[in-house]
Amino acid sequence: DRRALAAITAPAAPAQLSLHDCRFVVVDVESTGLNMQKDLLLSIGAVAIEAEQIRLADQFEAVLAQAGADTRDTVLLHGLGSEAIATGDIPAEVLLRFYQWSGPAVFFAFHSVFDQNMVERAPRQHFGMVPARLWLDLAVCLPALFPKERDGLRGLDDWANFFGLHNHARHEAAADAFVTAELTLILLRAARRDGLQTVADLQKKIRLYQQLEQMKSQ
């Protein structure tokens, strides 16, 4: 499908986009483990945010069929066993649908290095290309926007509990993506509070925060 392949090769959204007008896609994945080089992508859950609102009708969820995937060590965590994977969708088709659905959005994830690697490694394997997308790590953004509140807040559960958010199905990609989207809304409102206008402004705020933290630790 040429249109689907075109979606994968679409250019990244420019950092000069307004935070209010930008389409954000909040991503969470489940896998056979945490080894970004060897473990297999099992499911993708994603939620779109536009005009600082979660679009309930604009979500993506898919389980990938991964032949021979060993889930013995992870099935109790995410509930995706051999039967669920056997009835999943063809990975290449899932990835085409995912990038066609998401478009050239700015991506958010909590500890985004892992999610980004998993959803980019597969297109490299199947199509010989890596989608150009701008990724922001909520685990880095939140402390930068809430420096006084950050103490003791490390993981997704910590931040969700701090803001009174409830995750009804932890370690299911779609549910984790939704609570991460709720945290993203909180972040975007805090960015507006601080006078940040664009994605580039947010990136600059994060860089300055990281530099200050590095100076404190020296």
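Computation of the quantities below employed the complete heavy-atom set of this structure, encompassing side-chain atoms and omitting hydrogens, waters and symmetry-equivalent molecules.
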### Query
How far apart are the C-alpha atoms of Phe110 and Leu142, what are their side-chain angles, what is the distance that settles it, and do they pass the side chain to side chain contact (heavy atoms under 4.5 Å, CB included) test?
CA-CA 10 Å; Phe110 201 94; Leu142 284 168; 4.2 Å; yes

#### Entry: From Ser43 atom OG to Leu64 atom CG, the distance as rounded to the nearest 0.5 Å
7.5 Å

### Message
Nearest 0.5 angstrom please: Cys22 SG to Leu188 CG, how far?
### Response
9.0 Å

### Task
Quick one: list whatever passes side-chain contact (heavy atoms from CB on, under 4.5 Å) with Ile8, sequence neighbours left out.
Leu96, Tyr99, Phe127, Met129, Pro131

### Query
If every non-hydrogen atom of Asp158 is compared with every non-hydrogen atom of Gly155, which pair is closest and at what distance?
OD2-N, 3.0 Å

### Message
Using side chain to side chain contact (heavy atoms under 4.5 Å, CB included), reason through Glu30 and Asp176 one step at a time and then give a plain yes or no.
### Response
CA-CA 10 Å; Glu30 300 297 340; Asp176 285 352; 3.7 Å; yes

### Message
Please tell me whether Leu183 and Leu56 are part of a single hydrophobic cluster in this structure, the criterion being side-chain heavy atoms less than 4.5 Å apart.
### Response
yes

### Message
Gln203 vs Leu134, test: side chain to side chain contact (heavy atoms under 4.5 Å, CB included). Steps then yes/no.
### Response
CA-CA 11 Å; Gln203 291 177 298; Leu134 173 60; 3.4 Å; yes

### Query
Can you list every salt bridge (Lys or Arg N to Asp or Glu O under 4.0 Å) pair that touches residues 91-102, not counting sequence neighbours?
Asp89-Arg97

### Task
Measure across Val26 and Ala181 and return the closest heavy-atom pair with its distance rounded to 0.1 Å.
CG1-N, 3.6 Å

### Message
According to side chain to side chain donor-acceptor pair (under 3.5 Å), does anything in residues 177-192 pair up with another residue at least two apart or in another chain? List the pairs.
### Response
Glu52-Arg192

### Val47 side chain reached by Asp28 side chain, heavy atoms, under 4.5 Å
no

### Task
With sequence neighbours excluded, tell me which residues meet side-chain hydrogen bond (donor to acceptor under 3.5 Å, both in side chains) with Lys216.
Glu213

### Query
Which value, rounded to the nearest 0.5 Å, describes the distance between Leu202 atom CG and Leu145 atom CG?
6.0 Å

### Query
Which pairs with one or both residues in residues 183-215 pass ring pair (Phe, Tyr, Trp, His ring centres under 6.0 Å), sequence neighbours excluded?
none

### Message
Would a single hydrophobic cluster contain both Leu17 and Leu19, if residues Ile, Leu, Val, Met, Phe, Trp and Tyr are joined by side-chain heavy-atom contacts under 4.5 Å?
### Response
no

### Gln59: side-chain hydrogen bond (donor to acceptor under 3.5 Å, both in side chains) partners, not counting sequence neighbours
none

### Query
Is there a chain of hydrophobic side chains (I, L, V, M, F, W, Y, each step under 4.5 Å between heavy atoms) that links Ile90 to Val29?
no

### Pairwise side-chain contact, Leu196 with Thr198, heavy-atom cut-off 4.5 Å (strictly under)
no

### Query
Would you call Trp135 and Val106 a side-chain contact if the rule is heavy atoms closer than 4.5 Å?
no

## Note on the structure
All heavy atoms of Ala13 vs all of Pro104, minimum pair found to be CB-O, 3.0 Å

### Query
Should Val199 and Gln16 count as side-chain neighbours, where that means a heavy-atom distance under 4.5 Å?
no

### Query
Tell me the ring pair (Phe, Tyr, Trp, His ring centres under 6.0 Å) pairs involving residues 181-200, sequence neighbours left out?
none

### Rounded distance [0.5 Å steps], CH2 in Trp159 versus CG in Leu153
5.0 Å

### Shortest non-hydrogen separation from Arg23 to Ser102 and the atoms involved
NE-O, 3.1 Å

#### Entry: Minimum heavy-atom distance Leu95-Ala122, with the two atoms named
CD1-CB, 3.2 Å

### Message
Quick check for you: to the nearest 0.5 Å, what is the distance between Leu136 atom CG and Ile206 atom CD1?
### Response
5.5 Å

### Task
To the nearest 0.5 angstrom, please state how far the NZ atom of Lys205 sits from the CD atom of Gln210.
13.0 Å

### Message
If you count heavy atoms of other groups shown closer than 6.0 angstrom to CG of Leu208, is the number above 12?
### Response
yes

### Heavy-atom check, side chain of Ser18 versus side chain of Gln197, under 4.5 Å
no

### Query
Is there side-chain contact between Leu42 and Val63, with heavy atoms separated by less than 4.5 Å?
no

### Query
Would you say the side chain of Ile54 lies within less than 4.5 Å of the side chain of Leu185, judging by non-hydrogen atoms?
yes

### Query
By side-chain hydrogen bond (donor to acceptor under 3.5 Å, both in side chains), which residues pair with Asp137, not counting sequence neighbours?
none

### Query
What pairs meet the side chain to side chain donor-acceptor pair (under 3.5 Å) rule with one or both residues in residues 105-119, with sequence neighbours excluded?
Gln116-Glu120

### Task
Quick one: closest heavy-atom pair of Gly103 and Arg133, and the distance?
O-NE, 3.3 Å

#### Entry: Asp194 side chain to Ala191 backbone, donor-acceptor under 3.5 Å
no

### Message
Taking ring pair (Phe, Tyr, Trp, His ring centres under 6.0 Å) as the definition, give me every residue that meets it alongside Phe108, ordered by chain and number, with sequence neighbours left out.
### Response
Phe24

### Query
Of all residues at least two apart in sequence or in a different chain, which pass the ring pair (Phe, Tyr, Trp, His ring centres under 6.0 Å) check with Phe146?
Phe163

### Task
Under the side-chain hydrogen bond (donor to acceptor under 3.5 Å, both in side chains) rule, collect the residues that match up with Trp101, sequence neighbours excluded.
Asp58

